[in-house]
Amino acid sequence: MPTSDLTAAVVADRLGLDDSYRDWLTALARCEPATPASLPPPSEADALLARLGVRDDDRGDVLEVWPSAQTDPELWWLVERCRGRVLAAMGDGDAAIACPSLPAALGLKGRCFWIFVYAATVDDARRWHGEHGVPDDVSWATLADLGQQVMLHRRRHGTTGLDLQWWLVLHFTGAIYELGRLQFHMHHLFRGPAGPPFWPDADEVERLGPGFRAGDAALGIHIPEHGHLTPEGCDESLAMARDFFARCFPEHRARLGTCTSWLLDEQLAEYLRPTSNIVRFQRRFHLAPGAAEDSRSTLRFVFDRVPKSVDELPQRTTLEKAIVEHIRGGGTWRTRTGWVEL
Ligand SMILES: CC(C)(COP(=O)(O)OP(=O)(O)OC[C@H]1O[C@@H](n2cnc3c(N)ncnc32)[C@H](O)[C@@H]1OP(=O)(O)O)[C@@H](O)C(=O)NCCC(=O)NCCS
C-alpha cells in the first residue's frame with residue numbers, strides 16, 4: 001500500500017501504537033511535508049551515518065533495519081510526518097515538538113526510528129545551515145551529536161537505539177550549534193521548553209534590564225561529553241559563539257548565555273578542588289535563585305543511571321566519591337540555572 005493511502009488508524013494498528021499515541025498521531029496526520037522524505041540506499045547510508053557520528057558497532061545494527069517506503073510503509077508514514085514537523089519548526093529554538101519513543105515490541109527497528117527521522121532531515125538541516133553561512137565543520141560537528149546520543153544509548157542500555165530524540169530536535173531545526181567545546185542554543189527566555197526553570201524575580205529582572213526579560217534572545221549553553229571542560233576550551237568556545245552568532249544569526253542578539261545543569265550545583269565546590277574544571281566553570285556564572293533538589297540528574301550524568309543504592313556505584317574519581325558521600329550524609333544534589341554575560 002503506498003504511504004499516501006495509509007491513515008493514522010491503520011499505522012497505529014499495524015505498529016501496535018496504543019491510545020497513548022493518539023494525540024501525536026492526530027498531529028502527525030495534519031503534517032504532510034511539502035517535499036517527500038528520502039533516505040539514501042543502504043550502500044550509501046553507512047557513510048551518512050558515519051558523518052553523523054554513529055560509531056561502527058551501531059552503524060551495522062542501524063543498517064540492518066534501514067527502512068524504505070516499499071519495505072516499511074507504516075514506519076515510513078511516520079518518518080515522513082515527523083520530518084514534516086521538524087521542518088515546520090526550522091529555525092525556531094522555542095519549538096516544543098512531541099517525540100515519543102515507539103513501543104519496545106518493535107525491537108531494534110523501533111529503537112532506531114528517530115535515527116531514521118533525523119537521517120531523512122539531514123539535507124534540510126544542511127540547506128538551512130548553508131543559507132545562514134554556517135561553516136561546514138560547525139554544521140557536521142553539530143549534527144554529529146546524533147552519533148553521540150546513540151553511543152550514550154548503547155552505554156546506558158547495552159543496545160543500539162536513540163531515546164533522547166527530543167534533544168536532537170534542536171540540532172535538526174538549526175537552533176543549536178557546536179562551537180568548540182560547548183553547544184549554544186538560540187532561544188528566547190520563557191518562550192519554550194528551555195525556560196529557564198529558575199530566574200531572578202520580577203523586580204530583579206527590571207533592575208538587570210534588557211537581556212533578562214521574558215522574550216529576550218538568549219543562548220542556552222550545553223556541555224557535551226567530549227573530554228575535559230578546560231577553562232581555555234570554554235574561553236575559546238565563548239569567543240567563537242560571539243563571532244558565529246553575530247555573523248550567521250545577527251537578528252538573534254543575545255546578551256546572556258544561560259545554563260541549567262547539575263554542574264552548577266554550588267555544593268560540588270565543597271568536595272572538588274578549587275582548580276577543578278567544574279568549579280572553574282561554575283565561577284563564570286551568576287546563579288539564579290532556586291534549585292531542583294533532586295539527585296537523579298546528577299546521578300544520571302555521572303553514573304549513567306539512578307541506582308537502588310549508592311553502594312552499587314563505582315568510586316574511582318573524586319567526583320564519584322563526592323556524589324556518594326554527600327548522599328550517604330543525607331544530602332541531595334541540585335540542578336541550578338546560571339547566566340553569563342556574552
Ligand atoms: C563536564 C565534564 C566534562 C567535567 O569533567 P572534567 O573536566 O574532568 O572536570 P573536573 O576537572 O572538575 O573533574 C574533577 C574530578 O571529577 C572527576 N569527574 C569529572 N567528571 C566526571 C564524570 N562525568 N564521571 C566521573 N568522574 C568525573 C574527574 O575525574 C576529577 O577527579 P580526579 O581528580 O579524581 O580524577 C564531565 O563531567 C562530563 O563529561 N560530563 C558529562 C556531560 C555533562 O554532564 N554535561 C552537562 C549536562 S547538564
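Being a predicted model, the structure only gives us computed values, none of them experimental. Atoms within each ligand, like the ligands themselves, are counted from 1 in listed order.
In summary, of the residues considered (Q267, Q282, E266), a side chain to side chain donor-acceptor pair (under 3.5 Å) with R336 occurs for E266 alone.
A distance of 6.0 Å or more separates the ring centres of F244 and F184.
Annotation: side chain of R213 is in contact with side chain of E206 (closest heavy-atom distance under 4.5 Å). Residues L102 and L78 have side chains in contact (heavy-atom distance under 4.5 Å, counting atoms from C-beta outward).
Residues H171 and D145 have side chains that bring a donor and an acceptor to within less than 3.5 angstrom of each other. Using modelled atom types and a 3.5 Å distance limit, the side chains of D163 and H157 yield a donor-acceptor pair.
A distance limit of 4.0 angstrom between heavy atoms and ligand 1 selects the residues R181, I223, E225, G227, H228, L229, S261, W262, L263, R273, S276, N277, I278, F301, V302, T317, T318, L319, E320.
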